[in-house]
Amino acid sequence: MVRLVCGVAFRFNHAPMLDDLAIISTPAMTPHTMPSYLADLNPQQRLAVETVDGPLLVLAGAGTGKTRVLTTRIAHILLQKKAFPGQVLAVTFTNKAAGEMRERVEQLLGLGAQSESPSSSSGVWLGTFHSIGVKILRRHAELLGFSPQFTILDADDQHRLIKQLMAEEGIDNAKVAGKVILSIIQGWKDKGLTPDKLSRDVSGEEGAGAMAARLYPIYQHRLKTLNAMDFGDLLLHCLTLFAAHPQILNEYAQRFHYILVDEYQDTNIAQYLWLRMLALGHRNLCCVGDDDQSIYGWRGAEVGNILKFEQDFPDAQVIKLERNYRSTSPILATASHLISYNKGRLGKTLWTEDSGGEQIRIKSVWDDTEEARFVGEEVETFQRDRVSLSQMAILVRAGFQTRSFEERFMTLGVPYRVIGGLRFYERMEIRDAVAYLRVISQPHDDLAFERIINTPKRGIGKATMEALHSHARAQNCSLYTALEAMTANGEIKGKTATTLKNLLADFARWRDLKDQMPLQELADQVLDESGYRTMWQLDKTPESSGRLENLKELVSALGEFESLTLFLEHVGLVTEVADAAASDEMVNIMTLHAAKGLEFEVVFLAGWEEGLFPSQRTMDEKGNAGLEEERRLAYVGITRAKRYCYICHAANRRIYNQWQSSIPSRFIQELPHEHVQTLDGAIYNRRAAGPKLFQKEIDELIHQHVDRLKQKAQAVAQASPVPAASFVKGQQVFHQKFGQGIVLQVEGDHLTIAFKHAGKKKVMADYVAKA
DNA sequence: CGTTTTTGCCTTTTT
DNA sequence: GGCAAAAACG
């Protein structure tokens with residue numbers, strides 16, 4: 001057995017208790033009747049499963065069987081008849097995780113039921129925070145001033161709405177972007193702050209914050225008028241509901257005898273409060289998480305919730321799962337060593353019985369093209385060695401990095417898939433089609449109606465829309481109602497009136513058909529009669545055929561739903577169309593965030609360069625906390641690998657179409673050399689020679705790069721007319737204060753220059769010399 | 001009113 | 001270099 005010790009970790013070991021556990025913790029059970037589903041667990045896992053009553057915190061490192069513990073625990077509760085399925089609440093972060101968990105519980109119940117009648121997990125409340133929030137809110141919507149059929153807004157709806165409100169309030173969208181306002185409001189919602197609680201906190205703030213504070217109550221008010229909620233509301237309104245109606249909180253608190261939470265390190269404050277309200281009574285709360293894998297701080301997640309758990313429940317049992325079943329020991333050692341640079345960890349020490357295994361491989365490349373070429377070659381080599389493509393993954397920091405890999409795999413003819421890129425339900429054509437369905441289901445869904453009133457083009461312009469809006473506001477009615485009134489009383493005239501009357505008649509007809517024909521037929525008919533499908537058929541841009549395909553897929557997806565309402569509910573909560581086949585023979589390309597919870601035989605970690613990873617922006621915004629979150633992201637990346645882990649960094653990267661030279665990520669230098677192997681040309685691993693030499697080599701690399709840029713710049717200068725200024729794009733320059741840099745942009749005397757050390761700056765040409 | 005051109009921002013990460 | 005919003009044009 002190999003033990004890898006690092007960091008401030010302490011370890012506790014229950015191994016001696018192994019044989020006693022089953023007897024001690026569940027007296028009703030004797031060893032020979034111990035259910036098979038417990039037999040394969042290690043002592044800590046089994047303790048976590050069998051410690052059913054009272055608060056329990058499971059700190060589960062990467063690859064230690066976290067999901068297994070959760071699913072087995074649910075099965076155990078049900079099979080031991082501790083609770084009926086409907087009395088168990090299990091919360092996850094993604095729909096995918098919820099689905100997998102349900103499947104595995106189902107399996108366990110099938111196995112464990114033995115002679116007795118098989119139980120089912122179908123009654124278990126198992127879902128994401130948001131889906132469970134919706135379920136609760138639909139039942140009590142009236143108490144909050146909503147109707148039970150409230151709609152759930154997607155990001156696009158939210159954006160359009162906030163822009164509308166800003167226009168009404170006379171706030172210039174150019175000065176403070178709607179997106180910024182939204183994200184501030186979202187942040188408050190993540191903290192459980194309603195507008196009224198806010199006023200004390202943020203009254204005299206500057207700029208965007210003040211704008212957001214002003215708009216927040218207006219936004220919430222408008223949402224209520226629209227009978228709509230955004231994602232944050234699904235939790236926030238639950239909190240309001242529970243606070244205002246203790247008897248309802250009680251109902252749920254008593255109903256759920258056992259509460260389980262997955263990925264607890266990613267909960268935000270609103271979610272924490274939500275859990276706390278539900279669990280404080282019976283205290284049967286089991287949270288599973290890994291502080292080292294907390295990577296959603298930017299979305300309001302608070303690792304601190306783990307610490308709060310022990311404050312709220314001082315008697316909580318804490319169990320650490322540290323035995324890793326996934327990775328080889330060099331991979332674990334590398335990940336552990338890297339994460340030990342973070343302060344303030346709870347500390348875990350992963351270990352494995354697995355010995356041997358390949359070192360981490362580090363590759364230096366010139367640019368993203370070479371990076372993709374290198375990874376492509378390795379992928380093909382593994383493929384020849386019979387490693388399935390689906391067992392290989394390329395993990396990147398930011399979405400735009402996937403492009404060069406896609407291009408490379410396309411030319412190689414290697415099948416690949418990008419996970420989490422453009423989501424199905426976020427595509428324009430899908431949102432349009434769904435908007436039609438939304439209006440059929442809920443004519444007063446103004447946001448949906450506005451989206452499609454002129455799609456396809458019906459000659460409805462700004463003027464008509466403004467008239468509609470003002471009428472609706474004056475009458476305090478929906479746009480749909482306003483339109484009905486205005487076409488009837490002649491306020492809208494001429495051709496516009498005719499087309500709009502037709503549209504209203506169409507909707508009325510479709511609404512009648514809604515309950516008379518299968519959903520798929522209805523959708524087909526709507527798409528045809530509205531002219532929406534025709535619009536794309538006439539479109540001759542290259543993507544139109546893909547859009548028609550997507551519409552087809554949408555219609556076929558509709559087949560799985562019993563009613564329009566159920567379908568729309570699904571769309572509101574789900575971003576991804578059911579992931580067809582995870583076992584397909586394809587290389588996986590995705591962001592590090594999307595990779596959490598997954599595992600692959602071979603993992604390529606691309607783009608480990610300062611500024612990109614760790615992300616400059618994160619470090620600027622959140623300082624050292626941001627850096628530590630980036631490091632956790634690196635930890636997540638490495639621990640995805642079962643057997644082979646590659647790390648690449650490029651000397652040059654194109655950002656905004658400008659070449660920037662980059663130095664290797666500091667994370668590379670934080671890897672333990674004994675477990676790291678440098679492939680040809682890697683420069684950082686000669687640290688033995690001292691940091692000076694290291695810097696010198698980086699400089700050399702940059703020089704090479706600059707030379708190449710010079711050549712390129714000359715070529716460009718010859719090909720295109722020389723600008724009036726004496727400086728040219730791509731030119732290498734020197735500034736007294738900022739040092740060496742490259743000209744990005746020339747506007748008269750003003751130069752935008754990317755400096756090697758000082759970053760991007762705007763500078764007067766007079767202060768700059770040609771280098 | 002609708003289409004084309006220009007600008008301007010942008011690349012984190014997502015339920 | 002790409003995409004979305006604003007501006008300019010027909």
Exercise. Expressed in whole Å, how much space separates the P atoms belonging to B:dT13 and C:dA4?
Worked result: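 Roughly 15 Å separates the two P atoms.
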
Within the structure shown, what part of the strands sits under 4.0 Å from [X] by heavy-atom distance: base, sugar-phosphate, or nothing?
X	value
A:Ser131	nothing
A:Ile460	sugar-phosphate
A:Phe93	sugar-phosphate

Exercise. Hey, does the side chain of A:Glu450 reach the backbone of A:Leu447 with a donor-acceptor pair shorter than 3.5 angstrom?
Worked result: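 A pair under 3.5 Å: no.
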
For the side chain of [X], starting at C-beta, report the closest nucleotide among [options].
X	options	result
A:Ala398	B:dT13, B:dG2, B:dT14	B:dT13
A:Phe400	B:dT14, B:dG2, B:dT11	B:dT11
A:Asn454	B:dT14, B:dT15, B:dG2	B:dG2
A:Lys163	C:dA5, B:dT15, B:dT13	C:dA5
A:Arg403	B:dT13, C:dG2, B:dT3	C:dG2

Exercise. Relative to the 5' end of DNA chain B, which residue comes earlier, A:Arg458 or A:Glu621, by the nucleotide with the nearest heavy atom?
Worked result: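 Result of the comparison: A:Arg458.
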
Problem set entry | Pairwise 5' ranking along DNA chain B for A:Thr591 and A:Met465, keeping only the more 5' one |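 Its nucleotide being nearer the 5' end, the pick is A:Met465.
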
Exercise. Parallel under 30°, tilted from 30 to 60°, perpendicular over 60°: which one fits the rings of A:Trp298 and A:Tyr296?
Worked result: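 Tilted.
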
Problem set entry | Centroid under 5.5 Å and tilt under 30°, A:Tyr296 to B:dT14 |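 No; centroid distance or tilt outside limits.
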
Problem set entry | A:Phe129 aromatic ring stacked with six-membered ring of B:dT15, 5.5 Å and 30° |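 A:Phe129 vs B:dT15: stacking no.
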
Exercise. Under 3.5 Å, is there a donor-acceptor pair between the A:Asp154 and A:Gln158 side chains?
Worked result: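 A:Gln158 and A:Asp154 do not have a side-chain donor-acceptor pair below 3.5 Å.
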
Problem set entry | A:Arg138 charged N/C atom sitting above A:Phe150 aromatic ring, 6.0 Å / 45° |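 Relative to the ring axis of A:Phe150, which defines the angle, A:Arg138 lies inside both limits.
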
Exercise. Relative to A:Trp125, does A:Lys135 satisfy both conditions: NZ or CZ under 6.0 angstrom from the six-membered ring centre, and within 45 degrees of the ring's axis?
Worked result: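 Yes, a cation-pi geometry.
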
Problem set entry | Counter-base of B:dT14, judged by Watson-Crick or G-U geometry with both distances under 3.5 Å |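 Check on B:dT14: unpaired, no WC or wobble geometry under 3.5 Å.
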
For this session: Could you let me know what B:dT6 is paired to, Watson-Crick or G-U wobble, both distances under 3.5 Å, or none if it's on its own?
Result: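 Its partner is C:dA5.
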
For this session: Establish, with yes or no, whether the OP1 or OP2 oxygen of B:dC1 is under 4.0 angstrom from a side-chain nitrogen or oxygen of A:Thr464.
Result: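 Affirmative; the distance criterion is met.
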
Problem set entry | Phosphate OP1/OP2 of B:dT11: any A:Thr402 side-chain N/O under 4.0 Å |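 Answer no for this pair, as no side-chain N or O of A:Thr402 is under 4.0 Å from OP1 or OP2.
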
